[in-house]
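As structure tokens, the structure follows; a few thoughts come after it.
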2 protein chains.
Amino acid sequence: MTFMDAMITPPVRRRGRPPKNPEGRLETRELLLRAGVAALTEKGFAATGLDDILGRVGVPKGSFYHYFDSKETFGAALIERYGAYFAGKLARHFDNTALPPLARLHAFIDDAKAGMARYAYQRGCLIGNLGQEMGALPESYRAQLGEVFADWQGRVAQCLEAARAAGEIAADADCRRLAAFFWIGWEGAVLRAKLEHSPLALDIFTEVFFAGLPRR
Amino acid sequence: MTFMDAMITPPVRRRGRPPKNPEGRLETRELLLRAGVAALTEKGFAATGLDDILGRVGVPKGSFYHYFDSKETFGAALIERYGAYFAGKLARHFDNTALPPLARLHAFIDDAKAGMARYAYQRGCLIGNLGQEMGALPESYRAQLGEVFADWQGRVAQCLEAARAAGEIAADADCRRLAAFFWIGWEGAVLRAKLEHSPLALDIFTEVFFAGLPRR
DNA sequence: ATTTATTTAGACGATCGGTCTAATATGACC
DNA sequence: GGTCATATTAGACCGATCGTCTAAATAAAT
């Protein structure tokens, strides 16, 4: 169960200051964030009402505004969390020196692909979704989304540099550019996969991307 | 001036059946479609209110529902029109036998890029935008969007086949797959270009795409 | 002159995001 | 163990905006 999964069992929700024991009990704030990621990756920011999110986890509106100042603040928290989640995923795969560099990238891709399959290709990438919606979003999101892409891209670039050092790709390969290309295309592939409820676009992108890497 | 440009001069708009002379006068329905494309490529479907569109061209709400049954019908008309517009653009470039096949594709890309530049990279692709939003859109759009992609992809595949026949790409290149890859990546690039208000993503995608094509 | 076709004006109910106050529960302190 | 402070939920409420619909107005057709 990843952080994106909304809890099924509704925790006993009582008025008043909660008991000290945080045993097992998922906090309300955490539930809201999970439900938010689920809703926004499916339907986007504008199409998702607060009541949507609240309804998924049985949290009343009053609680929402206790934990977040506004929908805008909430969205910013979601971007932050989603960015960090995938940064961790990237780091985990890229640090796996048991695999050669390109295989590490492939492993990340398989992981991400499995993530989409888990939700029957009905959820896309939060960052890509919000990017597409920027025209109607708080302007502050633009920089935040850019930073997430820069971070993800930097990690892929490092992995590609390792591949270059290992002789898996050409010695004169522009790894930063290739990493940018990867994320540009990957987001496009996620978009299509979600549209078609199918992994086909992910597979095509992956195969052609690797085939097109400069080998020497 | 392309069909996406909304008319500035507000035509005299009076109640009642209009005079017969259709001289020069852009029809209300046409104005609505243009404004719709502009609004939806900027902000998406969910975030665009009817009042947004109506306000851009000074058409009252009552007129909208005279020409279209609903926002859903309107959206379908926009997809149809946008799909056909780019199909025409593709056909025009790909039929230009004065250029070798790959140069024709490049010419289309330059054309599309110029289209984004014209609006300061604030408008994306209607088809990509709606694809991303599908989770909250009328289900009927899914097939319609898929058909548009299939059409565009088929045209690019034909162009690539011409390139293969001309020896510009490898004889065993899978043109249909490459065409799918192109559109997957191009939509991703448009998304990023819009997010960053910059042509950088378009340029990176274009360059790496051509560099990665199988040459022999 | 009357009817019919076409278009606009604006009222309408539902819902939205966001705010607010009251109610309720525990923790901390004496 | 009584009191106050802190934390959380309940849900009414507001102005704005959503998409829809009906009635009014005007020209064409007869």
Side-chain angles (χ1 to χ4, degrees), chain A residues 7 10-23 25-33 35-36 39-40 43-78 130 133 136-138 140-141, chain B residues 10-23 25-33 35-36 39-40 43-78 133 136-138 140-141:
Chain A
M7 207 173 189
V12 188
R13 187 167 303 288
R14 293 209 328 257
R15 221 175 233 202
R17 186 169 178 163
K20 202 70 176 294
N21 71 329
E23 287 309 328
R25 176 180 176 294
L26 228 17
E27 296 189 14
T28 297
R29 188 189 145 89
E30 181 66 19
L31 287 178
L32 288 173
L33 289 172
L40 293 215
K43 321 196 311 176
F45 189 87
T48 302
L50 253 17
D51 290 339
D52 265 330
I53 297 171
L54 267 15
R56 291 190 191 222
V57 283
V59 169
K61 207 174 243 186
S63 299
F64 181 90
Y65 280 94
H66 174 63
Y67 291 107
F68 303 97
D69 289 342
S70 64
K71 196 190 182 191
E72 173 167 353
T73 300
F74 181 63
L78 293 181
L130 297 189
E133 290 190 82
L137 260 38
S140 66
Y141 287 7
Chain B
V12 188
R13 188 167 304 288
R14 293 210 328 260
R15 216 177 236 198
R17 185 167 179 164
K20 202 70 177 294
N21 70 329
E23 287 310 327
R25 177 180 175 291
L26 227 18
E27 295 189 15
T28 298
R29 188 189 144 90
E30 181 66 21
L31 288 177
L32 288 172
L33 289 171
L40 294 217
K43 323 197 310 180
F45 188 87
T48 301
L50 255 16
D51 289 339
D52 267 330
I53 297 171
L54 268 15
R56 290 189 192 222
V57 283
V59 170
K61 209 174 246 186
S63 299
F64 180 89
Y65 280 94
H66 172 64
Y67 292 106
F68 304 97
D69 288 342
S70 65
K71 198 188 180 192
E72 172 168 353
T73 300
F74 181 63
L78 292 180
E133 289 189 84
L137 260 37
S140 66
Y141 287 8

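Each chain gets a letter, A, B and so on, in the order the sequences are listed, and its residues count up from 1.
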Subject >> Heavy-atom pair of closest approach, residues A:A136 and B:K43 >> reply: CB-CB, 3.9 Å

Original post:
What are the two closest heavy atoms between B:A47 and B:D52, and how far apart are they?
Top reply: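 That closest heavy-atom pairing would be O-OD2, 3.9 Å.
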
Can you measure [X] atom [atom1] to [N] atom [atom2] for me and round it to whole angstrom units?
X: A:D69; N: C:dC20; atom1: CG; atom2: C1'; answer: 15 Å
X: A:E30; N: D:dT8; atom1: CD; atom2: C1'; answer: 17 Å
X: B:L32; N: C:dT8; atom1: CG; atom2: C1'; answer: 12 Å
X: B:F74; N: D:dG19; atom1: CZ; atom2: P; answer: 11 Å
X: A:F68; N: C:dT19; atom1: CZ; atom2: C1'; answer: 17 Å
X: B:Y67; N: C:dT7; atom1: OH; atom2: C1'; answer: 6 Å
X: B:R29; N: C:dT8; atom1: CZ; atom2: P; answer: 14 Å

**OP:** Just call it for A:Y65: base, sugar-phosphate, or nothing, with non-hydrogen atoms closer than 4.0 Å on any strand.
**Re:**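 Base, at least one base atom sits under 4.0 Å.
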
**OP:** Look at the side chain of A:Y141 and the backbone N and O of A:E72, then say whether any donor-acceptor pair between them is shorter than 3.5 Å.
**Re:** yes

Subject >> Check: B:G44 main-chain N/O paired with B:E133 side-chain donor or acceptor under 3.5 Å >> reply: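 Not a single qualifying donor-acceptor pair exists.
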
Original post:
B:H66 side chain: which of C:dT6, D:dT20, D:dA7 is closest?
Top reply: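 Ranking C:dT6, D:dT20, D:dA7 by closest atom to the B:H66 side chain puts C:dT6 first.
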
Subject >> side-chain N/O A:S63 vs D:dT9 OP1/OP2, d < 4.0 Å >> reply: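 True: A:S63 side-chain N/O within range (under 4.0 Å) of D:dT9 OP1/OP2.
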
Subject >> Base-contact (B) and sugar-phosphate-only (S) positions in nucleotides 13-18 of chain D, heavy-atom cut-off under 4.0 Å, - elsewhere >> reply: -----S

Original post:
Are the side chains of B:L32 and B:F68 in touch, meaning some heavy atoms are under 4.5 Å apart?
Top reply: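 Side chain of B:L32 against side chain of B:F68, heavy atoms only: contact under 4.5 Å found.
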
**OP:** Can you measure from NZ (A:K61) to CG (A:D51) and round to the nearest 0.5 angstrom?
**Re:** 4.0 Å

